[in-house]
Amino acid sequence: MSTASSDLTFTGGGHSRQLTVRRSALARRMRLAVDPRDGAVRLTLPRRAALGPALKWAESQRAWVEQALAKLPTQETLGPGSVIPFEGEPLHIDWHPGGSRVIKREGDRLIVGGPEEMVEARVLRWLRSEAARRLDAETRAAAGRAGVTVGRVRVGDPRSRWGSCSASGDIAYSWRLILMPPAVREATVVHEVAHRLHMHHGPEFHDAVERLLGRAPKAERAWLKAHGAAMHRVGR
Ligand SMILES: [Zn+2]
């Protein structure tokens, strides 16, 4: 039996998996399966079957594969070979044991060196620091546009809220916002900054949000409702 990964990626419910192709002397026909334990998507082929048509067939099965992924209750690990969402796009964790320990992003790859058992913690740290850096800059820019001041901006991992604003102007966010499409992060930042104008969720508050954002954050709210829970499974 031989196994190789392919260029096909399936995504459902916050889980992304690259299709792996296995060749087996025992296989009589093509078979596509989603492993219920870890969500691995495997295409098994008879030894001599042509790869091109097989991949095309796997692509035609996308709907049910992604449904199966969406039903997975399991966590999304951050280990070598994992694909995680980053700003709403798949980011592949590319581990090179002998590589540099400084994490580097190259397009849709996150290049990580050093010992395997450290990969998860280091990727997590990188995600949190990316989130902190961008959220701090974006919050201060939005505050400037709104003509308000903000205090400390920090990131944490709260279960129930994506952001919060204290009466003294300190703003806290979930680092998981960095996993989501940038528009969702932007809407969350504007929401918290608008609390520096109004500490409630009344009509004046929503007017301020719309003015600062340039739109009503309807699509972003719908996105959070549909995908927010899945973001909590990343790295747990
Ligand atoms: Zn609020």
Side-chain angles (χ1 to χ4, degrees), residues 11-16 70 75-78 82-91 93 103 105 108 110 123-236:
T11 304
H15 300 273
S16 283
Q75 67 210 25
E76 200 64 49
T77 62
L78 301 175
S82 302
V83 185
I84 55 167
F86 182 79
E87 297 204 290
E89 303 285 342
L91 182 65
I93 298 177
I103 291 189
R105 186 179 159 215
D108 66 350
L110 196 62
V123 169
L124 203 54
R125 223 167 24 239
W126 183 84
L127 287 169
R128 284 182 83 119
S129 85
E130 282 294 301
R133 188 169 63 78
R134 289 171 204 229
L135 284 161
D136 186 77
E138 289 162 5
T139 300
R140 295 189 190 285
R145 290 200 306 278
V148 297
T149 59
V150 290
R152 241 160 61 88
V153 175
R154 52 180 195 82
V155 298
D157 194 10
R159 272 288 183 179
S160 56
R161 297 198 284 190
W162 301 114
S164 61
C165 179
S166 77
S168 61
D170 290 341
I171 295 181
Y173 294 105
S174 166
W175 69 263
R176 294 173 190 278
L177 287 163
I178 198 72
L179 306 174
M180 308 176 189
V184 177
R185 186 172 84 231
E186 183 191 16
T188 307
V189 165
V190 164
H191 180 108
E192 299 314 329
V193 167
H195 276 316
R196 295 296 288 149
L197 296 165
H198 307 285
M199 274 311 267
H200 55 71
H201 292 131
E204 307 98 310
F205 170 80
H206 291 294
D207 287 348
V209 167
E210 243 183 275
R211 202 171 60 242
L212 289 171
L213 193 60
R215 62 184 185 270
K218 274 191 194 135
E220 291 80 0
R221 234 181 278 135
W223 192 95
L224 283 171
K225 207 169 160 216
H227 305 288
M231 297 298 112
H232 278 295
R233 292 201 289 268
V234 175
R236 287 202 197 272

| query | Sub-3.5 Å donor-acceptor pair from the side chain of R185 to the main-chain atoms of I178, do we have one? | reply | no

| said: Measuring from atom CG of L110 to atom CD1 of I103, what distance do you get when rounded to the nearest 0.5 angstrom? | reply: 5.5 Å

| message | Working to the nearest 0.5 angstrom, can you tell me the gap between M231 CE and L177 CG? | response | 10.5 Å

| query | In Å, rounded to the nearest 0.5 Å, how long is the span from CG of L135 to CD of E130? | reply | 10.5 Å

| query | Just by distance, do the side chain of D108 and the backbone of P90 share a donor-acceptor pair under 3.5 Å? | reply | no

| said: Just verifying a value: how many Å separate L179 CG and R233 CZ, rounded to the nearest 0.5 Å? | reply: 12.5 Å

| Heavy atoms from other residues, nucleotides or ligands near CZ of R152 exceed 12 (cutoff 6.0 Å) | no

| task | Identify which one of R133, R134, R140 satisfies the salt bridge (Lys or Arg N to Asp or Glu O under 4.0 Å) criterion when paired with D136. | result | R140

| said: Return the CE to OG1 distance between M180 and T188, rounded to the nearest 0.5 Å. | reply: 7.0 Å

| request: Compare all side-chain heavy atoms of W175 with those of L124 and state whether any distance is below 4.5 angstrom. | output: yes

| Side chains of T139 and Y173, donor plus acceptor under 3.5 Å | yes

Please tabulate, for the side chains in residues 191-204, all donor-acceptor contacts under 3.5 angstrom to protein atoms that are two or more places apart in sequence or on a different chain.
residue : atom : partner : partner atom : Å
H191    : NE2  : H195    : NE2          : 3.2
H191    : NE2  : H201    : NE2          : 3.2
E192    : OE1  : C165    : N            : 3.4
H195    : ND1  : H198    : O            : 3.0
H195    : NE2  : H201    : NE2          : 3.1
R196    : NE   : T149    : O            : 2.6
R196    : NH2  : T149    : O            : 3.2
R196    : NH2  : T149    : OG1          : 3.3
H200    : ND1  : G202    : N            : 2.8

| request: May I ask you to decide if D170's main-chain N or O and R154's side chain share a donor-acceptor pair within less than 3.5 Å? | output: no

| Any side-chain heavy-atom pair of R176 and V155 under 4.5 Å | no

| message | For residues 132-161, which residue pairs pass the ring-ring contact (aromatic ring centres under 6.0 Å, His included) check, not counting sequence neighbours? | response | none

| query | So do the side chains of I84 and S16 get within less than 4.5 Å of each other, counting heavy atoms only? | reply | no

| message | Nearest 0.5 Å, please: how far is CG in L127 from CG in L78? | response | 6.5 Å

| query | Are the aromatic ring centres of H227 and W162 under 6.0 angstrom apart? | reply | no

